[in-house]
Amino acid sequence: MTRGRYHKPVGGIAGALLAALLAACVSAPPPDPDAGVSLELAQQRAERIRNLRYRLQLTVPSQRGEPITGRQQIHFDYRFSESGAETLVVDFEPGAGQVRSSKVNGREVETASANGHLLLPEWVLPGEGEVEIEIDFVAGDPSLNRQEEYLYTLFVPDRAREAFPCFDQPDLRAVFELELELPPDWTAVSNGAVVEDGLAGLRRRMRFAPTPPVSTYLFAFAAGRFQAVDGVSRGRRFRFLHREGDRDKVERNRQDLLDLHVGALDWLEEYTGLVYPFPKFEFVLLPAFEFGGMEHPGAVFYRAERLLLDESPTRNEVLGRAALIGHETAHMWFGDLVTMRWFDDVWTKEVFANFMAAKLTRPQFPEVDHELRFFLSHYPSAYGVDRSAGTHPIRQELDNLAEAAGLYGDIIYDKAPIVMRQLELLMGEEALREGLRDYLRRFAFGNA
């Protein structure tokens, strides 16, 4: 109520008109965001957020049943919405109930949540400029894959938000700084190199170097009671972690694993004209891993059974291992260095992973009929779907990242390499190669 001369209330039609006009001047609160990450939300945030950086600290207890707690600083440059009526939406599936405290630019704020998102009103943000969000939280477990003696992340396609607050979309690439507090007999690997590792009382503290800008689905770490193997092949240094109890099996496969990775890296550097684009190359062999492999830059995860072969493996097992290593290594350029803007173009990384894997295994196994192998590896499964009523285009529309897992299948993994090979036959190998080199240079550490 303001001070001033008293006016008689306006009634009748005039009063109703005035009330309507006043109501029109007040912006309605924005609707709650949809569950998952919608294309509309992703586009809005991509227009407003720049220079994104996460600093994430996680405390992992010794007992699996105890929660993992975290502290996070999210830094970015922000452009204010013209309407001024929207909220800033941060993805966090556990919701506000798992947030212990939150600050924006040092100011404590009350955090609301809806449908797996934290909602920060724009009045707590600057109109333009730098923003720092600090959140203390309890991490979600599903995408951390916790076991009694180890854990590993699997954030593809939009599952980082299940573990910690973030903007979980591929075109908001960010620098990640990770610090882990672990049980004293655990070790860890992440995208960045270890820059600090020591014991503090009964806990082990590991800090990792900042990553180059990567998408949230490519950020990763694994921690636990792992054995480490170091080695050198053709001047390249490697390190991998494993939990295999059979030492002879590890030693029997060790040099092959190093040599296959070096062969793939050397071939891809020559083909693309770009040196390996990340500071280090390490990998983790995980028991019963959900996929054959996952291409986190600097920390590739593999299903251990696919790489640690028995004493007398079949030729198909040997070739399959080489193709898997080639596939994940090719992703360092196709998917990690250059990432699709949205998961409707997920085929653009998977097609080149399989296409390049087929190419680079040729010099590694010159005695194999690679034409026949390409045919048997791709054509039956591709045509099996393509001839059915359930076939679909290689590129599919996607309104929400929550549905992205349904895009994967034989059309992307097998039909797309066939189409790319046909394109190469029409264009010529050199023309395609030069086009891909230009593509990688133009969009390096960005989205396309």
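Computed from a predicted model, the values in this text were never measured in an experiment.
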Evaluation steps, side-chain contact (heavy atoms from CB on, under 4.5 Å), between His242 and Val250: CA-CA 9 Å; His242 69 89; Val250 174; 3.6 Å; yes

CA sep, side-chain torsions, deciding dist, call: Asp77, Ile49, side-chain contact (heavy atoms from CB on, under 4.5 Å): CA-CA 6 Å; Asp77 294 331; Ile49 293 172; over 6 Å; no

Steps toward salt bridge (Lys or Arg N to Asp or Glu O under 4.0 Å) verdict (Arg395, Glu397): CA-CA 7 Å; Arg395 185 183 192 274; Glu397 297 299 320; 3.6 Å; yes

Step-by-step side-chain contact (heavy atoms from CB on, under 4.5 Å) determination, Arg303 to Glu290: CA-CA 7 Å; Arg303 187 186 303 168; Glu290 184 174 344; over 6 Å; no

Thr348/Val338 under side-chain contact (heavy atoms from CB on, under 4.5 Å): CA gap, chis, key distance, verdict: CA-CA 10 Å; Thr348 59; Val338 179; over 6 Å; no

ring-ring contact (aromatic ring centres under 6.0 Å, His included) evaluation trace for Phe240 with Phe283: CA-CA 5 Å; Phe240 69 88; Phe283 54 96; 4.9 Å; yes

Trace of the ring-ring contact (aromatic ring centres under 6.0 Å, His included) decision for Phe343 with Tyr217: CA-CA 11 Å; Phe343 264 83; Tyr217 84 91; 5.3 Å; yes

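Of the inter-residue distances, the one linking Ser215 atom OG with Gln169 atom CD reads 9.5 Å to the nearest 0.5 angstrom. Rounding to the nearest 0.5 Å gives a distance of 7.0 Å between OG1 of Thr272 and CZ of Arg437. The CG atom of Asp185 sits 8.0 Å away from atom CD of Glu149, with the distance rounded to the nearest 0.5 Å. Distance check: Asp266 CG to Arg236 CZ gives 4.5 Å after rounding to the nearest 0.5 Å. Rounding to the nearest 0.5 Å gives a distance of 11.5 Å between CG of Leu144 and CZ of Arg64. Atoms CG and CG, from Asp344 and Leu407 in turn, are 8.0 Å apart once rounded to the nearest 0.5 Å.
Using bins of under 30°, 30° to 60° and over 60° for the plane-to-plane angle, the ring pair Phe289/Phe291 lands in the perpendicular bin. The aromatic rings of Tyr271 and Trp267 sit parallel, their planes meeting at an angle under 30°, below the 60° perpendicular limit.
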Atom pairs and distances, side-chain donor-acceptor, residues 187-198, under 3.5 Å, sequence neighbours left out:
residue	atom	partner	partner atom	Å
Ser190	OG	Ala220	O	2.7
Asn191	OD1	Ala220	N	2.9
Asn191	ND2	Leu218	O	3.0
Asn191	ND2	Pro297	O	2.9
Glu196	OE1	Arg205	NH1	3.0
Glu196	OE1	Arg207	NE	3.1
Glu196	OE1	Arg207	NH2	3.3
Glu196	OE2	Arg205	NH1	2.1
Asp197	OD1	Arg204	NE	2.8
Asp197	OD1	Arg204	NH2	3.3
Asp197	OD2	Arg204	NH2	2.6

Which pairs of donor and acceptor atoms, one on a side chain in residues 124-135, lie under 3.5 Å apart (sequence neighbours left out)?
residue	atom	partner	partner atom	Å
Glu132	OE2	His75	NE2	3.1

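Using a 3.5 Å distance cut-off with no hydrogens or angles, the side chains of Ser38 and Asn400 do not pair a donor with an acceptor.
When side chains are defined from C-beta on, Arg159 counts as touching Pro142, because their heavy atoms get closer than 4.5 Å. Taking 4.5 Å as the limit, every side-chain heavy atom of His331 sits out of range of all side-chain heavy atoms of Trp333. Looking at heavy atoms from C-beta onward, Leu285 lies out of side-chain contact with Arg306 at the 4.5 angstrom threshold. At least one side-chain heavy atom of Arg45 sits under 4.5 Å from a side-chain heavy atom of Asp91. Put simply, the side chain of Tyr78 reaches to within 4.5 Å of the side chain of Leu88, judged on heavy atoms. Looking at Gln147 and Leu151, their side chains never come closer than 4.5 Å, going by heavy atoms from C-beta outward. Counting heavy atoms from C-beta outward, Arg441 and Leu274 have side chains that approach closer than 4.5 Å.
When atom types are taken as modelled, the side chain of Thr361 and the backbone of Ala358 share a donor-acceptor pair closer than 3.5 angstrom. In this structure, Thr153 contributes its side chain and Phe221 its backbone to a donor-acceptor pair below 3.5 Å. Listed for the Asn115 side chain is a donor-acceptor partner under 3.5 Å among the backbone atoms of Pro33. A donor-acceptor pair under 3.5 Å is formed between the side chain of Gln72 and the backbone N or O of Pro165. Proximity of a side-chain donor or acceptor of Ser102 to a complementary backbone N or O of Val109 within less than 3.5 Å is detected. Looking at Arg71, its side chain never comes within 3.5 Å of a backbone N or O of Thr59 through a donor-acceptor pair.
Annotation: cation-pi pair Arg53/Phe176 absent, no NZ/CZ under 6.0 Å from the ring centroid and within 45° of its normal.
Among residues two or more places apart in sequence or in another chain, the ring-ring contact (aromatic ring centres under 6.0 Å, His included) test is passed with Phe443 by Tyr439. Checked against salt bridge (Lys or Arg N to Asp or Glu O under 4.0 Å), Glu251 has the following partners two or more places apart in sequence or in another chain: Arg254.
Look at Glu424 and Lys359 and you find a salt bridge, because one of the NZ, NE, NH1 or NH2 atoms lies within 4.0 Å of a carboxylate O, short of that distance. The pair Arg321-Glu305 fails the salt-bridge criterion, with no side-chain N (NZ, NE, NH1 or NH2) lying under 4.0 Å from an Asp/Glu carboxylate O. Between Lys415 and Asp410, none of the side-chain N atoms (NZ, or NE/NH1/NH2) sits under 4.0 Å from a carboxylate O, so this pair counts as no salt bridge. Look at Asp136 and Lys103 and you find no salt bridge, because none of the NZ, NE, NH1 or NH2 atoms lies under 4.0 Å from a carboxylate O. Electrostatic pairing of Asp171 and Arg341 does not count as a salt bridge here, judged by no charged N lying under 4.0 Å from a carboxylate O. Residues Asp259 and Arg234 are not paired through a salt bridge, judged by the lack of any N-O separation under 4.0 Å between the basic side chain and the carboxylate.
Counting only residues at least two apart or in different chains, side-chain hydrogen bond (donor to acceptor under 3.5 Å, both in side chains) contacts with residues 291-302 comprise His261-Tyr302, Glu295-Lys349. Applying the ring-ring contact (aromatic ring centres under 6.0 Å, His included) test to every pair with at least one member in residues 127-149, sequence neighbours left out, gives these pairs: Phe92-Phe137.
Ring centers of Phe76 and Phe167: under 6.0 Å apart, within the cut-off.
Contact record, Pro170 with Leu401: CD-CD1, 4.1 Å, taken as the closest heavy-atom pair. The shortest heavy-atom contact between Arg225 and Arg243 is O-NH1, 2.8 Å. Leu257 and Leu307 get closest at one heavy-atom pair: CD2-O, 3.6 Å. Minimum interatomic distance between Pro210 and Val175 (heavy atoms only, all atoms of both residues): CB-CG1, 3.8 Å. Closest approach of Pro121 to Thr87, counting heavy atoms only: CA-CG2, 4.2 Å. Residue Phe278 comes nearest to Pro212 through the heavy atom pair CD2-CG, 3.9 Å, listed as atom of the first residue, atom of the second, then distance.
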